[in-house]
Amino acid sequence: MSRAGAPARSDVLLVALTVVLGLQTLRAFLPLLVHTYGTRPGVTSIGLGVFAISVFLTAWLAPFVWRLLGAARALRLSAGALVLARVLAQFADPPTMLWLSAAGTVGFLWTVPGLLAFVRPAGDDGAPRRLAIGCVLGFSLDVALAGAFWSWDLVWQRTPTPVLVTIGLALVYGWLLGGLAVGGAGAVGQTAPERGGWWTLAGLGPILLLGVLIFQNPARLTAASGWPFFGALTGVLAANLVAVAVLARLTRSAGAVLAVLALIPAAVLAHGTGPAAIAAFAVGSVAAGVITLPLMAGANRAAGRARARGFAPGARAWALGMLLFAVGAFLYYVTYDIRLPFENAVIVPVAAALAAAFAAPALRKVAMIPPLASGGWRTLGDPRTAAMPRLPGLRLAGMLLAVPAVLWITSRPPAATPGAGWPVRVMSYNLHQGYAVSGMQDLEALAATIEASGADVIALQEVSRGWVINGSTEMLTWLSRRLRMPVVWGPAQDVVQGNAVLSRRPILSSGRIEVPRGGAPMRRGAQWVEVDLGSGERLLVIATHFHHIEGQGHIRVPQAAAVIELWGRRDRTVLLGDLNATPDAREIAMLREAGWRDSFELAGEGDGFTYPSWRPYERIDYVWISPDLSARDFDLLPGQASDHVGIAVTIGR
């Protein structure tokens, strides 16, 4: 490979597409692990963690594979496994997708250290800069591709456009990989290594964790900021654009030191909500991108001996980093199921501290890396940049901002339509985080079920907005846009998971309360909205989701009491939700004693079982009405788009 021109650009794009394919594969593997393997009898959260971490531990086998097969063959085998698994997953059923995504994850774990060794021509000291830019550009490409489909990842969709995009990515990746010179002596730099320099590469794992949790997660930014999705997408892509610009020209170690110092406080604040979180997101996103430069610079000196020693140094450092990623992700999400001595917010600054610690020893090396020219007008005629390698990173990162611009231009905000008063049809639906019984994330099936209900007001439970273990999907925006209905968000466990209310009728006011947690791992809440039905009529809607563990009614009893207090025995009120209790439970009796009336008992037929959807045997989803209201046309909405059956009923005076 030459020092400048097309090969350098190919290096950047090859690393970027490896990141894209790897992230898409990870975002399929983790949800499938939960919603396919995790649904098997006897599988616990600990069992899921063991499965996931076992897959990530395979990264430690990479040195042995390199020694056995040789550098060139091992790299092409691992990269081929990554891209082949990703393409086949686009057409497979969920159980097969699980194993394909697991294989693709292993391919990703083995491919990255290979690329970081080979994308370095002999005597090319600028390689760390290209590698760092490739990583950040990969984040941007990944965010833009998912964002173009309103955050619903391509891997879950079977329509022509996502399929063609996936195939196109695979073809471009194969072409770039075929042009990578992995056979010659000059493919790897021959500079004498600095002892121990390789271990900075381990910092990429914590950086990746920070990215998927916060800094490369437009769904989370949408929830935390209150911005429309295309605004949050613009924010993520703009931050990456700034990071690429800084990476291309940063030549002072002080800049990298500043990024290290800013990352931890930015990560802490960005995990929250409001203006402080938005500002911290911007600072942290750029800082996380800049830190990839010293991480690459530290590992760069070890590249010279990578092949000769079976590529053990870089591969082991990367394996350590990805093990930290897996353990961090597991601890972050297991807190929703197991009460630990700490809240999951602690994981974020810990990951930032680890990334900073791995980068710190290599900060001084940043000043030794020659800058790269962006090709912009400021470099024309400048003798200092005349010999600099040029790359498309900055230009491509800027072009990606067209994606949210197109979303903004082509989208119409959902608008409520005036009603004519009573009656009104209401619905309660637990969305199972967007996953069908099959294990496939199928937002379209959920939307079709809601449409079939004919409901004007819909209470939703288990809505996630950027959970990595649910594919990082912004379910709220997607459903509101698809159904053309305004929505009110009611965070429960955290800012990105909770309840919501969709309404065809104008929403006059809204609010939420947190119901007693009772020592349970997961927080719960109740969302209320006041809806204008038209003709001077209003309806108070309360939507909630009680504690889910069977046999722990003592936790749901105070939750029921909190909802009763919120109601205040007002007329023209409905209570909807997944209460996780059967009609004979004490917490349900409390609702009756307070004056609520069960709409199923008034207008339903049969047993009314709502869970599980594939073979219902119990009724745990309800629509309760205040004593002044009447109910008719109670319907169960069969189907397996969720693990719950949706329920709908028409309410009148």
Side-chain angles (χ1 to χ4, degrees), residues 125-140 197 199-211 213-217 221 235-272 275-301 321 324 348-374 376 378 384-385 388 391 393-394 397-398:
D125 292 327
R129 203 176 294 273
R130 296 203 311 277
L131 294 170
I133 290 173
C135 287
V136 176
L137 187 60
F139 279 128
S140 279
W199 71 277
T200 60
L201 202 60
L204 289 178
I207 288 293
L208 184 64
L209 181 61
L210 290 172
L213 289 178
I214 300 178
F215 296 133
Q216 305 297 330
N217 193 333
L221 182 58
V236 174
L237 295 176
N240 288 337
L241 174 61
V242 173
V244 169
V246 173
L247 285 171
R249 301 302 300 276
L250 181 65
T251 57
R252 295 181 181 273
S253 298
V257 171
L258 184 62
V260 166
L261 294 176
L263 185 62
I264 299 175
V268 172
L269 293 174
H271 196 260
I278 297 170
F281 161 82
V283 172
S285 296
V286 176
V290 171
I291 283 177
T292 59
L293 183 55
L295 295 177
M296 296 296 184
N300 191 46
R301 289 297 187 180
L324 292 173
V348 177
V350 169
L354 287 170
F358 283 117
L363 292 175
R364 62 183 176 83
K365 295 184 174 69
V366 170
M368 306 174 190
I369 306 172
L372 298 170
S374 65
R378 292 182 183 276
R384 295 173 300 173
T385 63
M388 292 180 187
L391 72 162
L394 186 61

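- In this structure, the side chains of Asn240 and Gln216 come closer than 4.5 Å at one or more pairs of heavy atoms.
- By the side chain to side chain contact (heavy atoms under 4.5 Å, CB included) test, Ala267 is found to be paired with Leu210, Phe215, Val348, Ala352, residues two or more places apart in sequence or in another chain being considered.
- Looking at residues two or more places apart in sequence or on another chain, you find a side chain to side chain contact (heavy atoms under 4.5 Å, CB included) between Ala359 and Val260, Ile291, Pro294, Leu295.
- Interatomic distance, CG of Leu241 versus CG of Leu394, reported as 5.5 Å (0.5 Å rounding).
- Expressed to the nearest 0.5 Å, how far CZ of Phe139 lies from OG1 of Thr292 amounts to 8.5 Å.
- Taking CD1 of Ile133 as the start and OG of Ser140 as the end, the distance is 11.5 Å to the nearest 0.5 Å.
- Every side chain to side chain contact (heavy atoms under 4.5 Å, CB included) that Leu269 has, sequence neighbours left out, goes to Ala280.
- Residues Lys365 and Pro128 fail the side-chain proximity criterion, which asks for heavy atoms closer than 4.5 Å.
- Residue Arg129 holds its CZ atom at 7.0 Å from OG1 of Thr251, rounded to the nearest 0.5 Å.
- Counting all heavy atoms, side chain and backbone alike, Gly284 lies closest to Leu263 at O-CD1, 3.8 Å.
- Applying the ring-ring contact (aromatic ring centres under 6.0 Å, His included) test to Phe358 and every residue at least two apart in sequence or in another chain returns Trp199.
- Between Val366 and Leu293, the shortest heavy-atom distance links the atoms CG1-CD2, 3.9 Å.
- Contact detail for Ala351 and Pro206: the closest heavy-atom pair is O-CB, 3.3 Å.
- Considering every non-hydrogen atom in both Val244 and Ala397, the closest pair reads CG2-CB, 4.3 Å.
- For the pair Ala362 and Thr200, the tightest heavy-atom approach, listed with the atom from each and the gap, is CB-CG2, 4.1 Å.
- When all heavy atoms of Phe281 and Leu221 are compared, the pair lying nearest together is CE2-CD2, 3.6 Å.
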